[in-house]
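Below: the structure, in structure tokens.
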Amino acid sequence: MTNSIERYKYDILVIGAGGAGLRAAVEAREAGLKVAIICKSLFGKAHTVMAEGGVAASMGNVNDSDNWMVHFRDTMRGGKFLNHYRMAELHAKEAPERVWELEVWGALFDRTEEGKISQRNFGGHEYPRLAHVGDRTGLELIRTMQQRIVALQQKDARDHGDAESFIKVFAELTITDILKDNGKVSGAYGYWRESGAEVLFEAPAVVLATGGVGKTFKITSNSWEGTGDGHALALKAGGNLVDMEFLQFHPTGMVWPPSVRGLLVTESVRGDGGVLTNTDGIRFMFNYIPEVFKAIYADNEAEADRWYNDQANNRRPPELLPRDEVARAINSEVKAGRGTEHGGVYLDVSKRLPADVIKKKLPSMWHQFYELAGVDITKEAMEVGPTCHYVMGGVEVDPDSAAAVNVPGLFAAGEVAGGMHGSNRLGGNSLSDLLVFGRRAGIGAAEYVKSNGANPVNEATIKSAAEKIEKPFTQTGGENPYALHQELQEVTHNLVGIIRTRAEIESAIVKIADIRKRSANVTVSGDRQFNPGFHLIFDLDNMLLVAESTAKSALLREESRGGHTRDDFPGMNAQWRQVNHISSFDGSQVNVKSQKLPMIRKDLFDLFDIHELEKYMTPEEISKGGSN
Amino acid sequence: MARKLNLRIWRGNSVDGGLQNITVDANEGEVVLDVIHRVQAEQMNDLAVRWNCKAGKCGSCSMEINGKPRLACMTQVASFEEDETITLTPLRAFPVIKDLVTDVSFNYKKAMEIPAYEAPANLKPGEARMQQVDVERSQEFRKCIECFLCQDTCHVIRDHEENKKSFAGPRFFIRIAELDMHPLDTLRNRKQKAQEEHGLGMCNITKCCTEVCPEHIRITDNAIIPMKERVVDVKYDPARWLGSKIRKRDGIL
Ligand SMILES: Cc1cc2nc3c(=O)[nH]c(=O)nc-3n(C[C@H](O)[C@H](O)[C@H](O)COP(=O)(O)OP(=O)(O)OC[C@H]3O[C@@H](n4cnc5c(N)ncnc54)[C@H](O)[C@@H]3O)c2cc1C
Ligand code: SF4
Ligand code: SF4
Ligand code: FES
């Protein structure tokens, strides 16, 4: 078998062709290295394409009071101060440059009157901060990056006679293993989805940019690609995941009809004036403003409504609270019997904006509801409810270089990396994260390769990777991978979903282990050629590791914070703020241990009002006043 | 609520294949992709189909439904008659890989042939100034989700393999138009190249591409026809062409 496989040699492998992967690849190419971009679907289709609302960067085009320090503060607040301060700092500082750079590469953002890039309001951001193109910002980002790659390839064709001499895209190829030799990364192994044929990549550095884990859950806004592959690949390669208990349930997913349940309703609907009401017609968000946010959110409708026209003299409407707050509020309303028959609440923009403005500002939302639910959002309310949207947890990395802790040669950027968003991500902060840390991972990997050189793959390493791919065809237990996936989604949804308790999480851990055991008996029908059943077996294995890591981390954290809500520990606890949960894999199970969160640097500590910090930190931390 | 739905699905590969009849449950509000997934989970585990977003945003699930190029995730089951059999076949203009999946690499090759955007040499990050009205024309074309339905339907290549070499197709005509109308692009002669190198002249404005575009991009009216007209213009009056190129950039930087 091993002598018939396809083999390639590169300096750097980028696994993932979303925003993070493409940005990393551009940077690595510009550092003069040979790069392979590998992705599970066609080029230009990665999940990033679905991002709607915008990319956050404190350019200050709409309100010039904005700057990186305000953005940093908002990001830390949104994450409930569990963020790695250094990542939040780099992100806030570098995001504007990264957005402007897209414009130099041909992106066409919506404009302000003065002709600058327009910026819109979003939950948790103090000023209008999201650069956007209608509600299809992700498409613009991915197309711009895709076209940038093509431009670099065209240049390589002119300069080196072959468009693929420095960057080659391997589309519809799944990576199943990160290879290691001599304790360092030596390459990756996978198969073509089209033919099932195996492929070996030799490379001393690998950048993981594989996106999220949404498909582990039953109701999700994520595409099929969101199966946590990079999370699992990192674990299996000896890396760590940090804070996997934190998942973002976006407050507004579609709830009806069932076939579109979970599909995202962009936050821009609320940013542009949409209000949430229950079946009693009450605008309930006023009842859910937490203590820590009382100073900046309006507690009455009149003030909230004035805010849309006069932001300097009014507090913001509570519909724009961070996502975790809004999601929990909707959940409580529905539980209290004030939800719609399909288990959602109403989101209405039709009474706030004229029809033509809605169609102009929210074209794909109009389209989505009209075509898929038969609802005209310029005339009627939408029905919405929480949907699993984003994973804050991810590969533990060095903030500056994006190097994965514990695995020399492995890097991670984008949704697959952890730390940046703490316990809850603000809308728009992902697209900027992809650009900032995608670029940094490209630089980090390039520097690593330049100082470490090649690391040849051992034949034995290849053999064991190949055996894993062959295995499903030799099994005969008769389990159906689709059925197991559905079972897993039920378990995560019901037992480690938006609200959690000890008993439920414990039962989830047992059930996940059982599904994992049975997954060793899945049988594939058909052959290797473009066989979705076969593909799902690998995805399932990854999702099982992710779910185990999430459940075990959630069990340990006895408090509620951001994307982790414990019914049995409803409050936020300053002691727990100092704790990160680190998952590792010992070959048979995931183990989770506590690790101390690095103390925020003094100059960053000083950016906050001390009374605000007192709400999050212990008196000892406050008296230390940050580290030097 | 659930109803029985009769499907006829093309199954096979590049060597051979044919239509297979199958009956499957369909629930209220479902789209064709939902029923395909049910077939896949319950009856044909290895049925090949491409999809990603299931929201009409990625352009992966392109196929022919009752002979019409469509996105399976945006086609409601309810839009067919109760007793109608729905026939699902792969895109005809591209070679089949397996079942409903085709080899669309033609499109990526064409993308590589279109000269990239060229920013003004002195453009510094953050300095560009453009008016909304000026970016809107190109923005319409940048809505393209690369589903390639327009490519599939265009008669110039649909049953004419021999034309593929010299014809970029509607998706790439709007790409050229997008760059041509881009307020900052500095590369000249895009329209002439469209005519001379990318086969714009072979298009006889049947508008079939516009009809199938799920993003409702007015491919013919807003991209193809204006480019054809300008090409004619330019051929007779080079001075006017120069004027238009220069005007395009007035007051932008
Ligand atoms: C509906 C929706 C709307 C959103 N809107 C916004 C928004 O407005 N603003 C914002 O900031 N964020 C938004 N987000 C979040 C944001 O879009 C994502 O977090 C982000 O796009 C993730 O990008 P990425 O580059 O990390 O990975 P992705 O774009 O998810 O790409 C992952 C890539 O990895 C590849 N891959 C995965 N596993 C493998 C494997 N085993 N082998 C090979 N390749 C593999 C995939 O094929 C894909 O190419 C939204 C998310 C959703 C779901
Ligand atoms: S209008 Fe032109 S490009 Fe469009 S389908 Fe007809 S011939 Fe093809
Ligand atoms: S122009 Fe329309 S039909 Fe053609 S590829 Fe783009 S979105 Fe699809
Ligand atoms: S699956 Fe994305 S367009 Fe249909």
Side-chain angles (χ1 to χ4, degrees), chain A residues 41-47 49-50 59 96-97 100-101 103-106 108-111 114-116 118 133-134 136 139-140 143 147 150-151 153-154 163 194 223-225 256-260 263-264 364 367-368 371-373 480-483 486 524-527 529-534, chain B residues 13 27-31 33-34 40-42 44-60 74 76 97-99 101 103-104 108 111-112 114-117 119 123-132 134-135 138-139 142-146 179 182-185 216 252:
Chain A
S41 37
L42 293 171
F43 192 34
K45 309 286 181 201
H47 188 74
V49 96
M50 293 178 77
M59 298 180 285
E97 283 293 318
W100 283 323
E101 178 176 79
E103 190 162 76
V104 174
W105 294 343
L108 284 172
F109 290 100
D110 288 348
R111 317 306 298 181
E114 301 162 274
K116 297 178 179 174
S118 170
V133 186
R136 55 159 192 87
L139 175 63
E140 186 68 13
R143 210 57 92 223
Q147 287 162 353
V150 168
Q153 289 179 319
Q154 288 173 344
E194 179 184 327
S223 72
W224 68 265
E225 292 193 306
W256 188 260
S259 104
V260 292
L263 206 64
L264 192 74
S364 43
H367 198 69
Q368 182 173 315
E371 308 235 331
L372 297 175
N480 175 335
Y482 294 94
Q486 259 175 25
V524 238
S525 59
D527 59 16
Q529 203 194 10
F530 213 115
N531 184 343
F534 168 63
Chain B
N13 53 31
N27 299 318
E28 190 187 338
E30 284 188 333
V31 292
L33 187 60
D34 289 312
Q40 207 178 45
E42 294 169 0
M44 299 172 170
N45 278 190
D46 61 338
L47 173 65
V49 58
R50 266 198 197 105
W51 69 287
N52 265 38
C53 66
K54 205 169 157 314
K57 293 204 166 83
C58 71
S60 303
M74 295 302 280
Q76 293 276 351
I97 293 174
K98 184 183 169 195
D99 305 337
V101 174
D103 174 359
V104 291
Y108 291 92
M112 192 64 80
I114 313 282
Y117 164 77
L123 181 66
K124 299 260 168 8
E127 287 187 353
R129 295 291 177 271
M130 295 180 261
Q131 288 306 310
Q132 184 63 31
D134 293 324
V135 300
S138 295
Q139 279 183 334
R142 290 184 73 84
K143 285 196 308 194
C144 170
I145 57 172
E146 301 209 316
L179 291 166
H182 193 301
L184 297 178
D185 179 55
H216 308 293
I252 282 160

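First the proteins, then the strands, lettered A, B, ... as listed; each starts at 1. Keep in mind that what you see is a predicted model, and the values were worked out from it rather than measured.
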In terms of heavy-atom proximity below 4.5 Å to chain B, should [X] be classed as side chain, backbone, both, or neither?
| X | answer |
| --- | --- |
| Gln486(A) | neither |
| Gln368(A) | side chain |
| Glu225(A) | side chain |
| Leu108(A) | both |
| Leu372(A) | both |
| Ser364(A) | side chain |

Would you mind telling me which of [options] has the largest number of heavy-atom pairs within less than 4.5 Å of chain B?
| options | answer |
| --- | --- |
| Glu101(A), Lys116(A), Glu194(A), Gln147(A) | Gln147(A) |
| Gln154(A), Glu114(A), Met50(A) | Gln154(A) |
| Ala483(A), Gly526(A), Gly134(A), Pro532(A) | Pro532(A) |
| Val524(A), Val150(A), Val104(A) | Val104(A) |
| Glu97(A), Arg136(A), Glu371(A) | Arg136(A) |

Taking the side chain as everything from C-beta on, heavy atoms only, tell me whether [X] gets closer than 4.5 Å to [Y].
| X | Y | value |
| --- | --- | --- |
| His182(B) | Ser138(B) | yes |
| Phe530(A) | Asp99(B) | no |
| Asp46(B) | Lys98(B) | yes |

Residue selection (most heavy-atom pairs with chain A, distance under 4.5 Å) from [options]:
| options | result |
| --- | --- |
| Gln131(B), Lys54(B), Arg142(B) | Arg142(B) |
| Arg50(B), Gln76(B), Met74(B), Glu42(B) | Arg50(B) |
| Gly126(B), Ala111(B), Pro115(B) | Gly126(B) |
| Glu30(B), Met112(B), Met44(B) | Met112(B) |

Please verify the inter-ring angle class for Tyr108(B) with Phe43(A); under 30° counts as parallel, over 60° as perpendicular, anything in between as tilted.
tilted
Of the backbone (N, CA, C, O) and the side chain (C-beta and beyond), which part of [X] lies under 4.5 Å from a heavy atom of chain A, both, or neither?
| X | value |
| --- | --- |
| Asp103(B) | neither |
| Val49(B) | backbone |
| Asp34(B) | side chain |
| Ile145(B) | both |
| Val101(B) | side chain |
| Gln139(B) | both |
| Ala41(B) | both |

Roughly how far, to the nearest 0.5 Å, is the NZ atom of Lys45(A) from the NZ atom of Lys57(B)?
14.0 Å
